[in-house]
Amino acid sequence: MKHILIDCDPGHDDALAIMTAFAYPEHLHILGVTTVGGNQTLEKVTTNAKNILEFIGAEIPLAKGQKEPLVKALNTGEQAHGDSGMDGPYFDGKDYPVVSENAVRFLYEKILSCPEKVTIVALAPLTNIALLLKVYPEIKEKIECISMMGGGISHGNCTELAEFNIYVDPEAAHIVFHSGIPIVMSGLDVTEKAVITVQEIEELKNKGRVSHLVFELLKFYNESGKQFGFIDSPVHDLCAIEYLLAPEIFSGTDWYVDVITDDGCARGQTFADLRALSGHEPKYMY
Ligand code: BDR
Ligand code: CA
């Protein structure tokens, strides 16, 4: 059994990841869900998280985190996820509680009070996680691993070189990558191979409440993916959860990975030290 905290910005693929984690209570004990500004504003992604958690009948605490990246202004993912950040389905607006603590404090308390080590599943810009590690550095010892969707070694999707989650807050990503915590990075090189086809999406239609919700989410997401040249839909964030459930379906390599924070065309790029030229031990797996 893994004890996990999910930090997210729903987001169609964040929603799939949350629902999948919730479907495996015998493997994943979800200590909480936290939100951060990313695909849309903090308010919008928190509403989306509430809608998903309410829809699936979850009783998991939800905490709201940082509105803005550490240094620069928020750059949202509206182009891919729509005006709400999770366009497609209609929710009847029933409320879901949000705890009073900020997500950073909430993460700290949840990790501290867990008798075993905790895995953080990071599906969004790393702002909350970076703050957690800066404000409460002693907490690192209790973090088993960060399973994250972010970055890319061969290419980006937000710029030629940078993937969205890292591009939004490269300074936060830099802190996380330099934290010494084991990281399993599901970057674009992995997640763009994890696609759901148009036919598979159609098959979810009217198969049950949750299936139909997933159909509605993916219908929009698939349409919007066409503007980026996708026919089938990469389920990026789902990989970070799926890795915890079925690591054997992934392959990866241990590499030292770093993040570029300079302004300029490489801002937000993640790169791997393939030849160990930096003298660092390989540490992160993608
Ligand atoms: C990542 O960016 C977001 O739009 C998705 O939710 C995912 O976390 C993919 O680059
Ligand atoms: Ca996301």
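Order of appearance sets the numbers: ligands from 1, and atoms from 1 within every ligand.
Although no hydrogens or angles enter the test, the distance criterion places a donor-acceptor pair under 3.5 Å between the side chain of Asn48 and the main chain of Ser84. In this structure a side-chain-to-backbone donor-acceptor pair under 3.5 Å is missing from Asp14 to Cys8. No donor-acceptor pair closer than 3.5 Å links the side chain of Asp7 to the backbone N or O of Ala122.
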Table of N or O contacts for ligand 1, cutoff 3.5 Å:
residue: ligand 1; atom: 4 (O); partner: Asn39; partner atom: OD1; Å: 2.7
residue: ligand 1; atom: 4 (O); partner: His81; partner atom: NE2; Å: 2.8
residue: ligand 1; atom: 6 (O); partner: Asp13; partner atom: OD1; Å: 2.6
residue: ligand 1; atom: 6 (O); partner: Asp13; partner atom: OD2; Å: 3.2
residue: ligand 1; atom: 6 (O); partner: Asp14; partner atom: OD1; Å: 3.0
residue: ligand 1; atom: 6 (O); partner: Asn39; partner atom: ND2; Å: 3.0
residue: ligand 1; atom: 6 (O); partner: Asp237; partner atom: OD2; Å: 3.1
residue: ligand 1; atom: 8 (O); partner: Leu123; partner atom: O; Å: 3.1
residue: ligand 1; atom: 8 (O); partner: Asn165; partner atom: ND2; Å: 3.0
residue: ligand 1; atom: 8 (O); partner: Asp237; partner atom: OD1; Å: 2.6
residue: ligand 1; atom: 8 (O); partner: Asp237; partner atom: OD2; Å: 3.1
residue: ligand 1; atom: 10 (O); partner: Asn157; partner atom: ND2; Å: 2.9
residue: ligand 1; atom: 10 (O); partner: Glu163; partner atom: OE2; Å: 2.4

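In this model, no donor atom of one side chain and acceptor atom of the other lie less than 3.5 Å apart for Asn39 and His12.
A salt bridge is defined here as a Lys NZ or Arg NE, NH1 or NH2 lying under 4.0 Å from an Asp or Glu carboxylate O, and Arg267 with Asp262 fails to meet this definition.
For residues 34-45, the salt bridge (Lys or Arg N to Asp or Glu O under 4.0 Å) pairs, not counting sequence neighbours, are Glu43-Lys64, Lys44-Asp83.
Rounding to the nearest 0.5 angstrom, the gap separating the CG atom in Asn128 from the CZ atom in Arg105 is 14.5 Å.
For the Ca ion (ligand 2), the neighbouring protein N/O/S atoms at less than 3.0 Å, given as residue and atom, are Asp9 OD1, Asp14 OD1, Asp14 OD2, Leu123 O, Asp237 OD2.
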Donor-acceptor contacts, no H, no angles, side chain residues 111-120, under 3.5 Å, sequence neighbours left out:
residue: Ser113; atom: OG; partner: Glu109; partner atom: O; Å: 2.9
residue: Ser113; atom: OG; partner: Lys110; partner atom: O; Å: 3.4
residue: Lys117; atom: NZ; partner: Glu141; partner atom: O; Å: 3.4

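Of all the heavy atoms in Phe215 and Glu202, the pair that sits closest is CE1-OE2, 3.9 Å.
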